[in-house]
Amino acid sequence: MNREEALTYVQKVLPERRYMHTLGVVETAKELAEKHGANVEHAEMAAILHDAAKHHDRDDMKNLLQKEDMDQRLMQFHHELWHAPVGAYLAKVTIGIESQDVLNAIRFHTTGRAKMSLLEKIIYVADYIEPSRKFTGVEKVREVAYEDIDRALSRAVKQSILFLIEKKQRIFPDTLECYNDVMLQKEKSKYE
Ligand code: DGI
Ligand code: FE
Ligand code: FE
């Protein structure tokens with residue numbers, strides 16, 4: 001599927017608001033990719049598809065998680081987390097995306113993980129700062145995203161974890177590993 005076909009696909013499966021969010025992520029991810037020297041076409045495709053499974057049937061997502069050998073720990077966590085790996089699955093199987101980096105950017109866009117690729121960071125941050133996002137602290141992340149993607153990621157992950165703690169939600173291990181990795185890179189860069 002090319003870019004236009006992928007856009008038509010997500011427009012069909014997403015409500016208007018979610019589609020507008022997706023278009024915001026596409027524009028932001030393209031800008032970030034240009035600025036930071038990532039593959040712009042990959043950024044665009046990952047952004048178009050990142051929330052493709054957001055409104056996928058919950059039971060079907062559960063089945064796919066079990067059948068398709070995805071991270072089984074997800075079953076014990078909030079179903080909000082499921083749309084990311086299921087989205088990557090749909091991107092591969094239904095849309096025919098072959099780039100593993102694009103598939104991983106979709107798969108880890110909600111939790112992040114340790115040792116993210118540049119494309120994964122771009123999609124995570126673009127999802128956080130696209131123009132229709134209004135939550136507290138988003139400005140702080142927007143300010144630095146175009147200068148230093150690692151600082152933007154670090155702020156976004158920290159704020160997400162604080163938000164989850166406030167809501168008394170459990171935190172998925174990948175999210176914590178992402179935070180730990182970001183902090184480790186910061187400590188290392190201090191001594192360089
Ligand atoms: O799909 P979007 O709304 O564009 O954004 P998203 O995919 O980043 O996040 C969806 C939700 O997932 C958001 O409400 C926060 C939640 N989330 C992210 N990380 C974790 C989490 N929820 C739990 N319980 N644990 C996590 O580690
Ligand atoms: Fe999402
Ligand atoms: Fe999103």
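All ligand and atom numbering here is 1-based and tracks the order in the structure.
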| message | For Phe172, is the CZ atom crowded, meaning more than 12 foreign heavy atoms sit under 6.0 Å from it? | response | yes

| field | Sidechain-backbone polar pair: His42 side chain, Asn39 backbone, donor-acceptor under 3.5 Å | value | no

| What residue and heavy atom of the protein are closest to atom 23 (C) of ligand 1, and at what distance? | Arg170 O, 3.5 Å

| note | the protein heavy atom lying closest to atom 11 (C) of ligand 1 turns out to be Glu80 OE1, 3.5 Å

| Does Arg133 come within less than 4.0 angstrom of ligand 1, counting non-hydrogen atoms of the residue? | yes

| message | Are there over 12 heavy-atom neighbours, none belonging to Phe163, within less than 6.0 Å of that residue's CZ? | response | no

| query | Distance below 2.8 Å from the Fe ion (ligand 3): how many protein N/O/S atoms qualify? | reply | 4

| query | Take atom CG in Asn2; do more than 12 heavy atoms of anything else shown fall under 6.0 Å from it? | reply | yes

| Protein contact of atom 9 (O) of ligand 1 - nearest heavy atom, named by residue and atom, plus distance | Thr110 CG2, 3.5 Å

| said: Does the protein place a non-hydrogen atom closer than 4.0 angstrom to atom 13 (C) of ligand 1? | reply: no

| Which atoms of ligand 1 are found less than 4.0 Å from any heavy atom of Asp127? | 4 (O), 5 (O), 6 (P), 7 (O), 8 (O)

| query | Would a search of protein heavy atoms around atom 17 (N) of ligand 1 find one under 4.0 Å away? | reply | yes

| message | Please report whether ligand 1 has a polar contact with Gln169, defined as an N or O pair separated by less than 3.5 Å (distance criterion only). | response | yes

| query | With a cut-off of 6.0 Å (strictly less than), are more than 12 heavy atoms of other residues, nucleotides or ligands near NZ of Lys92? | reply | no

| task | Do me a favour and list the nearest non-hydrogen protein atom to atom 3 (O) of ligand 1 with residue, atom name and distance? | result | Lys54 NZ, 3.1 Å

| request: Given ring pair (Phe, Tyr, Trp, His ring centres under 6.0 Å), test His83 with His109 step by step and report yes or no. | output: CA-CA 10 Å; His83 76 283; His109 87 265; 4.9 Å; yes

| said: For Arg113, is there an ion pair with Glu177 - N to carboxylate O distance below 4.0 angstrom? | reply: no

| note | The salt bridge (Lys or Arg N to Asp or Glu O under 4.0 Å) partner of Asp127 among Arg18, Lys54, Lys121, Arg133 is Arg133

| said: Using a 3.5 Å distance criterion without hydrogens, assess whether the side chain of Glu68 forms a donor-acceptor pair with backbone atoms of Met70. | reply: no

| request: Mark up the atoms of ligand 1 that fall under 4.0 Å of a heavy atom belonging to His109, in ascending order. | output: 7 (O)

| query | CE of Met20: more than 12 outside heavy atoms within 6.0 angstrom? | reply | no

| query | In the protein, what heavy atom is nearest to atom 15 (C) of ligand 1, and what distance, to one decimal place, separates them? | reply | Leu164 CD2, 4.4 Å

| task | Provide the number and element of each atom of ligand 1 under 4.0 Å from a heavy atom of His83. | result | 1 (O), 7 (O)

| query | For ligand 1, which atoms sit closer than 4.0 Å to a heavy atom of His21? | reply | 4 (O)

| query | Between the main-chain N or O of Ala38 and the side-chain N or O of His36, is there a donor-acceptor pair closer than 3.5 Å? | reply | no

| message | Show the atoms of ligand 1 that are less than 4.0 angstrom away from any heavy atom in Phe172. | response | 25 (N), 26 (C), 27 (O)

| task | Evaluate whether atom CD of Gln72 has more than 12 neighbouring non-hydrogen atoms of other residues, nucleotides or ligands under 6.0 angstrom away. | result | yes

| query | Are any of the side-chain nitrogens in Glu143 or Lys140 under 4.0 Å away from the carboxylate oxygens of its partner? | reply | no

| query | For Asp51 and ligand 1, does the shortest N/O to N/O distance drop below 3.5 Å? | reply | yes

| Hey, is ligand 1 close enough to Lys167 that some N/O pair sits below 3.5 Å? | no

| query | When you check the gap from the basic side-chain N to the acidic O, do Asp150 and Lys186 get nearer than 4.0 Å? | reply | no

| said: According to side chain to side chain donor-acceptor pair (under 3.5 Å), who are the partners of Asp60, at least two apart in sequence or on a separate chain? | reply: His56

| Over 12 foreign heavy atoms within 6.0 Å of CD, Glu41 | no

| request: Consider every N or O of Thr111 and every N or O of ligand 1, then say whether any pair is closer than 3.5 Å. | output: no

| Which of the atoms of ligand 1 are close to His78, meaning less than 4.0 Å from one of its heavy atoms? | 24 (N)

| query | Judging by distance only, is a nitrogen or oxygen of Leu81 under 3.5 angstrom from one on ligand 1? | reply | no

| Is Arg18 touching ligand 1 with its side chain, its backbone, both, or neither, if touching means heavy atoms under 4.0 Å apart? | side chain

